[in-house]
Protein chains: 2
Amino acid sequence: MLGDVARLAEVSTATVSRVYNEPDKVSPSVRERVLQAASALNWIPNAAGRALASTRTHIAGAIIPTLDDQVFASQVAGMQAVLAERGITLFLGCSNYDPTQALTQVRAMLARGVEAIAIVGEAHPPELFDALTQARVPYAITYAYRDGSPHHCIGFDNRAAFVEITEHLIGLGHRRFAAVIQPAQGNDRVQARMAGIREALERHGLAVRPSHMYEGPATIAFGRQSLRAIWQGSEKRPTAIICGNDQLAIGVLLEAGELGIKVPQQLSVTGFDDVALAQEIHPSLTTLRVDTAEIGRRAARYLLDVLDGRENVESCVVQPVLKIRESTARVSGSKK
Amino acid sequence: MLGDVARLAEVSTATVSRVYNEPDKVSPSVRERVLQAASALNWIPNAAGRALASTRTHIAGAIIPTLDDQVFASQVAGMQAVLAERGITLFLGCSNYDPTQALTQVRAMLARGVEAIAIVGEAHPPELFDALTQARVPYAITYAYRDGSPHHCIGFDNRAAFVEITEHLIGLGHRRFAAVIQPAQGNDRVQARMAGIREALERHGLAVRPSHMYEGPATIAFGRQSLRAIWQGSEKRPTAIICGNDQLAIGVLLEAGELGIKVPQQLSVTGFDDVALAQEIHPSLTTLRVDTAEIGRRAARYLLDVLDGRENVESCVVQPVLKIRESTARVSGSKK
DNA sequence: TTGTACGCGTTATCAA
DNA sequence: TTGATAACGCGTACAA
């Protein structure tokens with residue numbers, strides 16, 4: 001421990017501490033002696049001791065639904081990169097899309113003394129936010145942005161994003177739509193996306209009929225099976241399918257290939273996220289690109305600013321960009 | 001803090017502590033009083049204080065190259081699941097495939113008092129392992145297994161895996177091979193994979209010619225561009241391409257589609273990992289399936305066993321399984 | 001620039 | 001079963 005280093009370097013414990021925390025306040029010769037002693041004893045400062053004495057833990061937390069989804073993984077990577085520069089390490093928690101688990105994770109992190117925390121989405125129990133507020137731990141909601149939210153959000157308006165993508169299709173003359181989306185239960189982002197689709201369609205007096213609405217796991221397999229069901233259904237077939245994310249859309253694309261459905265001639269397909277495969281697959285996928293790493297970086301910078309008592313002037317909105325590719329086209333026979 | 005709770009519950013601080021650490025040793029009535037006081041004050045035990053007093057942090061660490069790769073993300077998820085059951089939280093560090101960063105991360109984790117640590121691969125500076133040994137922190141190497149390794153490894157023999165996949169192709173009559181792999185520099189797993197390919201080919205007096213060997217980023221894009229280069233090259237074209245992972249193989253598959261190369265009639269392609277897309281893409285990809293989540297779970301259980309002074313009897317090997325699909329076939333004109 | 005001494009929030013030991 | 005008290009390893013006023 002620190003005391004041993006002090007003894008070996010023949011200085012006081014305070015000096016050893018200073019060497020690590022305020023190096024300028026120690027004369028170079030003494031500093032050198034201390035560092036040598038430390039390395040001789042193979043000593044590293046103990047974080048628990050530091051935390052207790054300084055009431056600073058240098059730990060931040062991030063809570064995401066799952067690491068299985070690239071978009072959250074890269075958000076975490078972005079946060080880590082920014083926080084590491086400031087000597088802050090990141091505790092990671094996965095809620096598995098379960099608000100109860102999210103609450104448990106937050107409690108565990110508070111016990112660990114996280115100084116700040118980022119949480120994906122705002123659909124969480126009030127106790128979660130109460131706990132954060134009581135503990136005076138600054139937090140940010142990521143991957144979602146909503147005007148009028150009581151929280152500081154960093155992300156984008158999921159509803160507006162899906163209005164945009166729906167309007168794109170309407171503009172191409174589409175009138176019959178199907179939707180394939182991930183489970184909306186307890187997921188504010190997905191709910192907002194559905195609301196966006198509905199809103200855009202309503203403006204034009206349109207709607208997705210229930211039999212053309214598929215909700216299930218965000219996998220390629222579910223995308224496939226949804227298209228098959230839609231195509232075999234008795235209803236008049238849609239000319240466009242809006243998918244909740246790229247995985248689902250890629251599933252639809254692959255199944256279309258198998259069923260001999262021509263995309264985009266017979267059917268337009270859209271995704272969301274813009275994963276690497278979206279621009280590589282054939283036909284390439286029209287989708288909305290979201291810079292999730294930037295969401296992570298910005299969340300980290302915001303939290304650091306709050307901790308420093310600085311004002312954060314960065315925009316909270318990381319705008320998704322519509323990438324129009326081969327999977328969407330003007331509906332055949334529709335006039336420009 | 002704990003003292004406030006003690007006062008409110010009209011018990012000593014020791015009793016409050018017991019309620020949380022050895023509940024059986026406290027009478028039910030007192031226990032109830034303490035819990036009520038705690039919840040009234042909204043108190044959670046402070047981890048730094050506990051760590052200091054008990055010399056146990058309940059923290060473990062995991063160091064992976066990157067979160068951008070699904071296989072590492074799911075290993076982390078597997079570890080978390082097992083550790084969470086024991087109230088242990090996980091610190092995550094990404095080395096970005098840089099051994100120096102790995103060392104830095106390990107040091108940071110030791111300072112944080114991690115009780116155990118899992119590290120992907122064994123190609124790390126000796127100081128890293130020295131530090132771990134000196135600190136008496138048990139560790140496990142994941143995602144790699146090698147007979148004769150001085151470390152406890154949990155994973156599979158990358159060399160043997162690629163011998164298997166290469167032999168599969170040789171057995172199908174292939175004699176001219178190309179290889180598309182990720183950067184081998186500082187990556188023992190990739191080096192082992194290359195060695196496996198080489199070894200299997202040598203047994204049959206074969207080798208990949210340098211002009212058919214492509215090393216670059218593990219992306220779909222690099223897979224594509226490698227196939228294009230191979231196909232345009234002046235050398236006699238290979239009949240099989242072995243890829244270092246599924247991303248690369250999917251790139252090759254997509255580019256083959258674009259170039260009008262028939263897979264598997266003209267060209268066989270293999271991958272590694274068995275990502276979700278591998279069985280969905282057309283033609284589906286022959287690859288080796290690795291249960292990375294199981295690697296994570298087993299690593300976690302091993303580390304827990306060491307911490308408990310228990311002997312771990314689980315196998316260190318998580319055997320990859322060859323998934324033969326449509327992308328490989330008997331070379332045309334070869335006899336069975 | 002350096003040292004002294006106290007306190008951070010909890011657990012562990014021992015005695016009651 | 002419960003309580004008093006001394007650690008745990010470090011940072012930080014304050015004094016020198």
Side-chain angles (χ1 to χ4, degrees), chain A residues 1-35 37-38 41-59 87 107-115 134-137, chain B residues 1-35 37-38 41-59 87 89 107-115 135-137:
Chain A
M1 47 164 257
L2 185 144
D4 302 332
V5 176
R7 210 169 308 126
L8 183 59
E10 297 180 306
V11 296
S12 73
T13 58
T15 300
V16 176
S17 177
R18 279 190 210 104
V19 168
Y20 286 83
N21 299 305
E22 312 163 289
D24 310 329
K25 295 195 172 179
V26 179
S27 71
S29 62
V30 173
R31 197 190 310 155
E32 190 52 36
R33 236 175 43 236
V34 169
L35 290 174
L41 294 175
N42 219 289
W43 175 81
I44 346 181
N46 173 310
R50 306 184 69 165
L52 215 46
S54 67
T55 61
R56 285 220 45 191
T57 59
H58 302 275
I59 295 178
R107 292 226 169 96
M109 290 194 177
L110 289 178
R112 299 269 176 210
V114 293
E115 301 182 9
Q134 282 232 351
R136 301 172 159 278
V137 169
Chain B
M1 47 164 253
L2 186 144
D4 301 332
V5 177
R7 209 169 309 128
L8 183 59
E10 296 180 308
V11 296
S12 71
T13 58
T15 300
V16 176
S17 176
R18 278 190 210 102
V19 168
Y20 285 84
N21 299 304
E22 313 163 289
D24 309 329
K25 296 195 173 178
V26 179
S27 71
S29 63
V30 173
R31 197 189 311 154
E32 191 51 36
R33 231 170 52 230
V34 169
L35 290 175
L41 294 175
N42 219 288
W43 175 80
I44 347 180
N46 173 310
R50 304 185 70 168
L52 211 49
S54 68
T55 62
R56 284 218 49 189
T57 58
H58 302 275
I59 296 179
T89 30
R107 293 227 168 97
M109 289 194 177
L110 290 178
R112 299 267 175 211
V114 292
E115 299 182 11
R136 301 171 158 280
V137 169

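Just so we're on the same page: letters track the sequence lines, and every chain starts at 1. Note that the coordinates shown come from a computational prediction; the quantities given were computed from them, not determined experimentally.
- If one axis is set at each end of the helix from dT1(C)-dA16(D) to dA16(C)-dT1(D) from five pairs, those axes are 30° apart, to 10°.
- With sequence neighbours left out, the side-chain hydrogen bond (donor to acceptor under 3.5 Å, both in side chains) criterion links R31(A) to no other residue.
- Atom P of nucleotide dC14(C) and atom NZ of K25(B) are separated by 13 Å, given to the nearest angstrom.
- Within the nucleic acid shown, V11(A) comes within 4.0 Å of sugar-phosphate atoms alone, with no base atom in reach, counting heavy atoms only.
- Taken from CG in N46(B) to CE in M1(B), the straight-line distance is 10.5 Å, to the nearest 0.5 Å.
- Residues V34(B) and V26(B) have side chains not in contact (no heavy-atom distance under 4.5 Å, counting atoms from C-beta outward).
- The minimum heavy-atom distance linking A111(A) with P45(B) is given by the pair CB-O, 3.6 Å.
- Between R33(B) and L2(A), the residue whose closest nucleotide on DNA chain D is further toward the 5' end is R33(B).
- Interatomic distance, CG of D4(A) versus CG of L41(A), reported as 6.5 Å (0.5 Å rounding).
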I59(B) and R112(A): side chain to side chain contact (heavy atoms under 4.5 Å, CB included), yes or no, with the steps?
-> CA-CA 10 Å; I59(B) 296 179; R112(A) 299 269 176 210; 3.5 Å; yes
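- dG3(C) atom C1' lies 15 Å from atom CD of E10(A), rounded to whole Å.
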Which atoms of nucleotides 4-8 of chain C (N or O only) lie under 3.5 Å from a protein N or O atom, and what are those distances?
from   : atom 1 : to     : atom 2 : distance (Å)
dC8(C) : O2     : L52(A) : O      : 3.2
dC8(C) : O2     : A53(A) : N      : 3.2

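- Distance, E22(A) CD to dT1(C) C1': 12 Å, rounded to whole Å.
- Contacts of R56(A) classified as salt bridge (Lys or Arg N to Asp or Glu O under 4.0 Å), with partners at least two apart in sequence or in another chain: E115(A).
- Rounded to whole Å, atom C1' of dT10(C) lies 14 Å from atom CG of N46(A).
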Side-chain donor-acceptor pairs under 3.5 Å in residues 9-21 of chain A, sequence neighbours left out?
from   : atom 1 : to     : atom 2 : distance (Å)
S12(A) : OG     : A14(A) : N      : 3.4
S12(A) : OG     : T15(A) : N      : 3.3
S12(A) : OG     : T15(A) : OG1    : 3.2
S17(A) : OG     : N21(A) : ND2    : 3.3
N21(A) : OD1    : R50(A) : NH2    : 2.7
N21(A) : ND2    : S17(A) : O      : 3.0

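- Nucleotides of DNA chain D that come within less than 4.0 Å of any heavy atom of chain A span, from the 5' end to the 3' end, dG9(D) to dA13(D).
- L110(B) CG to I44(A) CD1: the interatomic distance, rounded to the nearest 0.5 Å, is 5.0 Å.
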